[in-house]
Protein chains: 2
Amino acid sequence: MKSEKISDAVVRRLPVYLRFLNELSLREVPTVSSQELGQKLDLNPAQIRKDLAYFGDFGRKGIGYDVSYLIEKIRQILNLDQQINVALVGAGNLGQALSNYNAYLKDNMKIVAVFDAAPSKIGSKINNITVQPIDELVETVKALGIRIGIITVPHFEAQRVADQLVAAGIGAILNFAPTILKVPPEVRIHAADFTTDLLSLAYYLHDGKELTSNES
Amino acid sequence: MKSEKISDAVVRRLPVYLRFLNELSLREVPTVSSQELGQKLDLNPAQIRKDLAYFGDFGRKGIGYDVSYLIEKIRQILNLDQQINVALVGAGNLGQALSNYNAYLKDNMKIVAVFDAAPSKIGSKINNITVQPIDELVETVKALGIRIGIITVPHFEAQRVADQLVAAGIGAILNFAPTILKVPPEVRIHAADFTTDLLSLAYYLHDGKELTSNES
DNA sequence: TAGATTGTTAATCGATTAACAATC
DNA sequence: TAGATTGTTAATCGATTAACAATC
């Protein structure tokens, strides 16, 4: 175990490893090599070994990695050996879609509160959770020990919601709104804005003008 | 204008610039400096100047960038000076949420077809588009000149859908399913899997065990 | 023992940032 | 002219990959 600073690029690959290891575990595969992981995940095997070695000596020379053991270790690294409570702010279509994924998220991360500004939404139930007004955000986040917030409100409300999440002592935010949020440095933000992703894909459509329809 | 290879990191920042420039344009701000862009977008001004300089000399020394002109140029770079047709595959909650964003996406990128495997969904309308069976995917993609596919089907169907999109001649895929898709190198893939994002956020919740509730 | 595969160092590659001459 | 800001080169920083001794 080193105590170097771990880069975000490394941290973001850990859940990818975890996801594939969970599949292997379901299939009762006992061990896996960095080479096989690399093939399946489109990553360089040396990179995978290096990523894992930041956190400990998890593998066995000549053998590879024990699947169950590695799952346990990665969960520990990601703080997923305890339940992590999540708040969802914005009960629109996207928010509802995400809350349905609650089931798919491995048990240890759970949406436990949903907030919205619209009176029409408040009091309704989303996946068995009653939608609360945003006024109650700070109080509820503190009361339930919520550590992560997901923002799915319109972009013009996103900063205000972020401010409240910060005021409530949240540790990290997943932001689906197309805005750059300003938060104190101790709060981690990941941008999950798919419009950016989608627009950038258009760049790679070279030579394509001749592919459009209606040219006859 | 250089003809160096542009890195993906640069390309992914272009839509971020574009989004902010569109805001400035609405407010009728005539010019903007790399310094101001950097402040608002949390980026280094030198990086912004360098990014833009890959594609041309868009700025004026002592003045900055003309907002309207830069918008026009970035749109051209991203191939957004023509309409780009998009197919959405998977009409579940997430797919429906995304299709609602059609309105928000600047006009030139448009979801023009929606597909699903479930008989119960086929024939229904999502944002005025009739959901078609996946069997019709290849034919429709070709007929409508669709260039980008968005995958929002369950993970176990994602590779099959990707194969069909590729067979139909698609140029790029935005993949929301939690799987690494295998496609030929000429097809561009962006992973938009938010479970990975969310799990990696947990890493940054250090010191937090004492924050959980129910410890009394 | 022979083959496989890790953990780690060194080499490479690429991306970000600083600095500044050019110039509006 | 003086101040501002670009475009670009050079310096720095960081991430990826190759290579290999250690060892199961």
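All chains are named by letter (A, B, ...) in the order of the sequence lines, taking the proteins before the strands, and each is independently numbered beginning at 1. Remember, it's a predicted structure, so these values are computed and weren't measured experimentally.
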Practice item. State which residues pass ring-ring contact (aromatic ring centres under 6.0 Å, His included) with Tyr203(B); sequence neighbours excluded, sorted by chain then number. Key: His206(B)
Practice item. Could you note down all residue pairs passing salt bridge (charged side-chain N to carboxylate O under 4.0 Å, His left out) where residues 169-178 of chain A supplies at least one of them, sequence neighbours left out? Key: none
Check your understanding: For DNA chain C, what string of dots and brackets results from 5' to 3' when Watson-Crick and G-U pairs need both distances under 3.5 Å, crossing pairs get [ ], and pairs with another strand get |?
Key -> ..||||||||||||||||||||||
Can you give the donor-acceptor pairs under 3.5 Å from side chains of residues 61-72 of chain A to other protein atoms, not counting sequence neighbours?
from	atom 1	to	atom 2	distance (Å)
Asp66(A)	OD1	Ser68(A)	N	3.3
Asp66(A)	OD1	Tyr69(A)	N	2.9

Check your understanding: In chain order, what residues pass the side-chain contact (heavy atoms from CB on, under 4.5 Å) check against Asp51(B), with sequence neighbours excluded?
Key -> Val10(B), Arg13(B), Tyr17(B), Gln47(B), Tyr54(B)
Review point. For residues 166-179 of chain A, which residue pairs qualify under salt bridge (charged side-chain N to carboxylate O under 4.0 Å, His left out), counting only residues two or more places apart or in two chains?
Key: none
Check your understanding: Does anything in residues 167-185 of chain B pair up under side-chain hydrogen bond (donor to acceptor under 3.5 Å, both in side chains), and if so which pairs, sequence neighbours excluded?
Key -> Asp42(A)-Lys182(B)
Check your understanding: Can any side-chain N or O of Asn79(A) pair as donor or acceptor with the backbone N or O of Ala202(B) at less than 3.5 Å?
Key -> yes
Review point. What residues form a salt bridge (Lys or Arg N to Asp or Glu O under 4.0 Å) with Arg12(A), not counting sequence neighbours?
Key: Asp8(A), Asp197(B)
What are the atom names and distances for every N/O pair under 3.5 Å that joins the protein to nucleotides 20-24 of chain C?
from	atom 1	to	atom 2	distance (Å)
dC24(C)	O4'	Lys61(B)	O	3.0
dC24(C)	O3'	Arg60(B)	NH1	3.0

Check your understanding: Within this structure, what is the CZ-to-P distance between Phe55(A) and dT8(C), rounded to whole angstrom?
Key -> 14 Å
Exercise for review: Please name all residues satisfying side chain to side chain donor-acceptor pair (under 3.5 Å) with Gln96(A), sequence neighbours left out, ordered by chain then number.
Suggested key: none
Exercise for review: Summarise protein proximity over nucleotides 11-17 of chain C in one line of letters, 5' to 3': B for base, S for sugar-phosphate only, - for none, counting protein heavy atoms closer than 4.0 Å.
Suggested key: ----SBB
Atom pairs and distances, donor-acceptor, side-chain atoms in residues 27-38 of chain B, under 3.5 Å, two or more places apart:
from	atom 1	to	atom 2	distance (Å)
Ser33(B)	OG	Gln35(B)	N	3.4
Ser33(B)	OG	Glu36(B)	N	3.1
Ser34(B)	OG	Arg49(B)	NH1	3.0

